[in-house]
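Okay, structure first, notes after.
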Amino acid sequence: MTREVLWDPSNAQFRANPYPFYHTLRTQSPVYRVPHGGPTVLTRYDDVVRLLRGADISRDIEAHQQIDETDPIAVHRRDRRTGAKTILNLDPPDHTRLRRLVSKAFTPTAIDQLRQPIIRMVDEVLDRAADRGSMELIDELAFPIPFAVISEMLVMPLDRSDELRTWSTALTLALEPNATLEELDAASASLQLLIPYLIEIIEDRRANPGTDLLSALLAVEDDGDTLSYEELISFVVLLYVAGHETTVNLIGNGMVALLRHRDELVRWRNDPLLDDIAVDELMRFDGPVQHTVRVPLVPLTFGDAAGNDEVIHPGTLVFAILGSANHDPSMFDQPDRLQIGRPNAQRHLGFSAGVHYCLGASLAKLEASVAISRLIRRFPDLELTGEPEWRDRITIRGVDRLELSLHA
């Protein structure tokens, strides 16, 4: 008898709307082993949190994962990296050291100073859209604002934004579990174009330092410890990609959710006190990052749906499904209902948890809160025009196009 495949990135319905599939996994097979040597998939909130916070669990996949040497894609993923590993793929103590250094240049005060520039950027976009009475949310607002913000933080030129978006898209496509060899090659090629571009800017900034984030990263020091050149480049690449990619999709997904739950949109629009907390519920309800990966260094035991022990062995690739954990009814009451101001929404895992909690979470929330709150208050008759077009992905879930009518 053939075992039913419950987690399948090749399934178009799964990619279009993974949440019903997550429900089946949580209830029927919460510790699911993908057939034919695939990863183990965890979908319950408590199990995902345990994995993310575990001390004997690694994020350095290439160092610890057991791979099939006859699988060209697995070998390509392992061998394609150049330069230093990003902070995302390091374990303590290396991760602790790097995070301590970069955190000195990524303080809450520095983020809060961006509030007024973000408001100005958003209002300029909305002014232009108001004259037309319509807008395409992703290209006009959701992408330009986060990209402009991270560029302003680093004081990067905006003249190559189209190229940078192409490179970023290629790099994030390589994160998909079903990425092809061609997509992995495209990501490597994009990195080879992006790195020289960044090196040129870094060298100019080293000679002419300012008060920007890049200058701060160049100057950062802690007890004589500094970022190596490779570490600096890897972190700037990460900032450029993660610094806007997640927020683009947070704004897009959040607007779709609000427009499909009009009562919650109206509730937020009428209550400015919700501005600082509404984004947590949007992240929980349909967050951009649907899963993350880990490799255990020791045997891990989890209970299955029947209460029996399931052992995950060291070296096994484990997918922690953040999107499923955020819809687990054991943590969130009526999880499939959008509820702006949900009392425990901040316990969502959309920004991960543990030592790898997203360094840019406060910036992403600020950008999304400003963009969405000002949009829904400026245009109270805001409506969807047609159906949103979703990206065909499962790791970074998001909308490609979202056409809006601004006036009834």
Side-chain angles (χ1 to χ4, degrees), residues 106 110-132 134-169 172 212-214 236 238-259 265 268-269 272 275-276 278-280 282-283 286-289 350-351 358-379 382 388-389 391 396-404 406:
F106 218 79
I111 299 304
D112 194 58
Q113 288 174 348
L114 292 167
R115 182 180 297 273
Q116 290 307 314
I118 293 171
I119 289 173
R120 172 181 49 79
M121 293 177 196
V122 169
D123 285 350
E124 288 173 356
V125 170
L126 299 185
D127 287 343
R128 292 192 294 269
D131 293 336
R132 297 190 313 273
S134 65
M135 74 182 304
E136 195 287 299
L137 184 81
I138 306 304
D139 283 348
E140 295 184 47
L141 181 69
F143 174 79
I145 298 304
F147 182 78
V149 169
I150 198 65
S151 296
E152 183 165 305
M153 288 179 70
L154 295 164
V155 187
M156 294 285 193
L158 296 173
D159 58 333
R160 299 182 70 179
S161 61
D162 289 343
E163 287 177 275
L164 285 160
R165 187 173 186 181
T166 299
W167 297 337
S168 174
T169 298
T172 55
D212 57 279
L213 176 58
L214 180 55
V236 174
L238 177 64
L239 281 176
Y240 242 126
V241 177
H244 74 271
E245 184 71 24
T246 301
T247 311
V248 171
N249 296 301
L250 172 56
I251 293 170
N253 296 8
M255 278 309 305
V256 172
L258 288 167
L259 289 166
L265 185 155
W268 183 5
R269 187 183 69 207
D275 287 1
D276 290 337
V279 173
D280 279 317
L282 298 181
M283 279 292 289
D286 195 11
V289 182
F351 291 118
C358 178
L359 189 63
S362 58
L363 175 59
K365 289 171 66 173
L366 174 62
E367 291 171 326
S369 175
V370 170
I372 294 175
S373 65
R374 296 187 82 79
L375 174 62
I376 63 178
R377 292 190 181 118
R378 176 77 175 269
F379 305 108
L382 184 73
E389 298 178 16
R391 294 184 179 187
I396 306 293
R397 175 171 163 79
V399 181
D400 259 339
R401 290 191 63 81
L402 191 67
E403 299 284 355
L404 301 176
L406 305 181

Non-hydrogen atoms of [X] and [Y] that approach each other most closely:
X: Ala257; Y: Leu282; value: CB-CD2, 4.5 Å
X: Asp123; Y: Arg378; value: O-NH1, 4.3 Å
X: Leu402; Y: Met255; value: CD2-CB, 4.0 Å
X: Val256; Y: Val399; value: CG2-CG2, 3.8 Å
X: Ile150; Y: Leu239; value: CG1-O, 3.6 Å
X: Leu126; Y: Phe379; value: O-CZ, 3.8 Å

Quick one: [atom1] on [X] to [atom2] on [Y], what's the gap to the nearest 0.5 Å?
X: Asn249; Y: Asp400; atom1: CG; atom2: CG; value: 8.5 Å
X: Glu124; Y: Leu141; atom1: CD; atom2: CG; value: 12.0 Å
X: Glu245; Y: Ile396; atom1: CD; atom2: CD1; value: 6.5 Å
X: Ser369; Y: Trp268; atom1: OG; atom2: CH2; value: 5.0 Å

**OP:** Using salt bridge (charged side-chain N to carboxylate O under 4.0 Å, His left out) as the criterion, list what pairs up with Arg115, not counting sequence neighbours.
**Re:** Asp112

State whether the side chain of [X] and the backbone N or O of [Y] hold a donor-acceptor pair below 3.5 Å, judged by distance alone.
X: Asn253; Y: Asp286; answer: yes
X: Arg377; Y: Arg269; answer: yes
X: Thr247; Y: Ala364; answer: no
X: Glu136; Y: Glu403; answer: no

Original post:
Should the pair Arg165 and Phe147 be classed as cation-pi, given the thresholds of under 6.0 Å to the six-membered ring centre and 45° from the axis?
Top reply: no

Subject >> Sidechain N-carboxylate O distance under 4.0 Å for Arg374, Asp275 >> reply: no

